[in-house]
Amino acid sequence: MDILSILYTIIPAALIAATPLLLTALGGLFSERSGIVNIGLEGLMVMGAFGGIVGTLIFESLGFGDAAPWMGILFAIVIGAIFSLFHAVASITLKADQIVSGVALNFLAVGLSVFIVKEVFDRGQTDVVASRIPRVEIPLLSDIPVIGQLIFPRVYATTYIAFVLVAIVWYVVFKTPFGLRLRSVGEHPIAADTMGINVNRMRYIAVMLSGAFGGAGGAIFAITTAGNFAGNTIVGQGFMALAALIFGKWHPVGAMGAAIFFGFAQALSISAQQIPGLDNVPQVYMLILPYVLTILALAGFVGKAESPKALNQPYEKGSR
Amino acid sequence: MIGNVLKSKLFGITIPLIAIGFGFLAGAVIMLLSGHNPITGYVALFQGVFGEIYYFGETLQRMTPLIFSGLAVAFALRTGLLNIGVEGQLIVGWFASVFVGIVVEAPMIIHLPLAMAAGAIAGALWGFVPGLLKAKFEVHEVIVTIMMNYIALHIVNHFIRNNLLASGQRTDFINSSASLSSEYLAALTDFSRLHWGFLIAIISCVIMWFILWKTTKGFELRAVGFNKNASSYAGMNVNFNIILSMSVSGAFAGVGGAMLGLGTYQYANILPAFTSYGFDGIAVALLGGSTSIGIFLAAFLFGGLKEGANNMQAAAGVAPELVEIIIALIIFFVASSYLVRWIYTKLQFKKEGK
């Protein structure tokens, strides 16, 4: 295989693998920027995958046809936002340890979703969805000779939406009053409170946004890649998204870069056998690469990652 | 004064009990909502643990690795560290012990301790790395240990697939000289997989209690957990204690893995996903209040829930995932003890007001 045809196969695969990670990482960004650690991203993706598939199946049976997967994703967004309330109530109102609450959220998501699936379908997995998200090309841009197909390949519409969302999230977090409040709550909640910002309300909104984005991420993975839902549909993508968020230094563009990089590592580990020069490298190196790089990045070899100052600290009014 | 101490001790037991109560209550509500009879369900669950001596033996077998993962989480927690990497440390410990169990030929008196030590060392190494990074670069141990879990899973699978694959997805059985299995315990429990590891787990509970509460080093570790700056001011080497705590924690987890490799299964296999023993350890340690006796009891509860879930499905038709939901809710309730404390102090306040 020559370089170009390798790229033609790997780039779309990498972008498709990066999409759910990216969306979930953007969700985690809202939560962590407001000062709430979200180890529960994995669980939110599980609920999203569950909601996405179940929603799609329901809307298919109601005769929505090609619109069904989109309605399924919307359904998953709602499910994710509601489910994230467990984490919000525990870690904001009840001042539970945020990491422990997140771990519990992951347990609960798998238990609850598989329990419901078994009750409804009488087996460990759902039916396979019939309708899929369409693959699209960007008119004009995709038609540029040679590089057009490289930079704007035929991928699912959801992938392009995710990249548009990066710009929107960046604008919201860094250019709007809402974003300023969000960040101030995560950096110095007492000062924010003094300025009349309702700290707990901001944090609730942020955690629910992480639930909505995580739900979308899980749903898109389930609908585009898996096709159905079972207890092992989401295995570690949520933690990968968390890694992308930290690797990207809690910045939407950074998270995008990290998600694409992880997507590449994943695509490479699958297709490395066909690539000259890489076919002798054991697959295990490709598999552990994202994790090793994240650790190195955290240790400061790739530049120090600094978390929001008030991360993992419950806010108590009147405390100093 | 003494009354207050007693009260706070009593309070330490009250919160887990309330949390367990709430967890079971929520489980009953879910059973009602999904059209099952909660009483039938819970009776089946109870019989699945105590109904036959075989079930009881399996429960004890199930709780053995849970005790170790609970001890591992608790040991780090005492030094103020949250070790989410118990899962990975357990996996490398499992693999290392099986590796020594297969490759080495020696009389049991050497072989068995050697295989267990291999598990402990592998686990300790997996805990040492995040400990070192925490001490030297102030990297948060939670993220590093999550990453180390995946690295452990992929590396162990790689080694099994390429070097030790015997049949299907697993390695050879270990030599009998490294085995923990016990004909006596098996016969006692109607041929369950109960093995000598259960006794080692009990001894390990005592060892942790002894290290933390009866040695100077244990005092230092706990002091660092209470207040880093004060410990440093008192002349303790905080960084060294962090690394030590993570390594010992990893060693406990590694031995937990050896319990699976040398006791329950007698082999290691390619893992399609995490075993979840490590994550369950967080629940065990939290519910047990990071005390040895608490961990033993919590491991029995969770081991029993998981074992009883089989019978609950067979006899009452309730999906075993209900047990996972109950466990998750128990963790939520324990973590949210602020609510219970808040109500409690309000009540106290009212009493004193009168």
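To find a chain, count down the sequence lines: A is the first, B the second, and so on, and within it residues start at 1. Note that the structure is a prediction, hence the values are computed from the model and not measured.
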Under 4.5 Å between any side-chain heavy atoms of [X] and [Y], yes or no?
X      : Y      : answer
B:V318 : A:K118 : no
A:L105 : B:F332 : yes
B:H158 : A:L287 : no
A:F115 : B:S34  : yes
A:I295 : B:I151 : yes
A:S113 : B:E321 : no

Checklist entry - Looking at A:V110, A:N232, A:I116, A:L112, which makes the most heavy-atom pairs under 4.5 Å with chain B? => result A:L112
Checklist outcome for this item: Of A:F107, A:Y291, A:Y285, the largest count of non-hydrogen pairs under 4.5 angstrom with chain B goes to A:Y291
Which bit of [X] comes within less than 4.5 Å of chain A, counting heavy atoms only: side chain, backbone, both or neither?
X      : answer
B:P130 : neither
B:V142 : side chain
B:I282 : side chain
B:L286 : side chain
B:N157 : neither
B:I84  : side chain
B:I325 : both

Contact part of [X] toward chain B, heavy-atom cut-off under 4.5 Å: side chain, backbone, both or neither?
X      : result
A:T294 : side chain
A:S91  : neither
A:V292 : both

Quick check: closest heavy atoms across [X] and [Y], and the distance to 0.1 Å?
X      : Y      : value
B:L133 : A:A299 : CD2-CB, 3.9 Å
A:I288 : B:H154 : CG2-CB, 3.6 Å
B:A319 : A:E119 : N-OE2, 4.1 Å

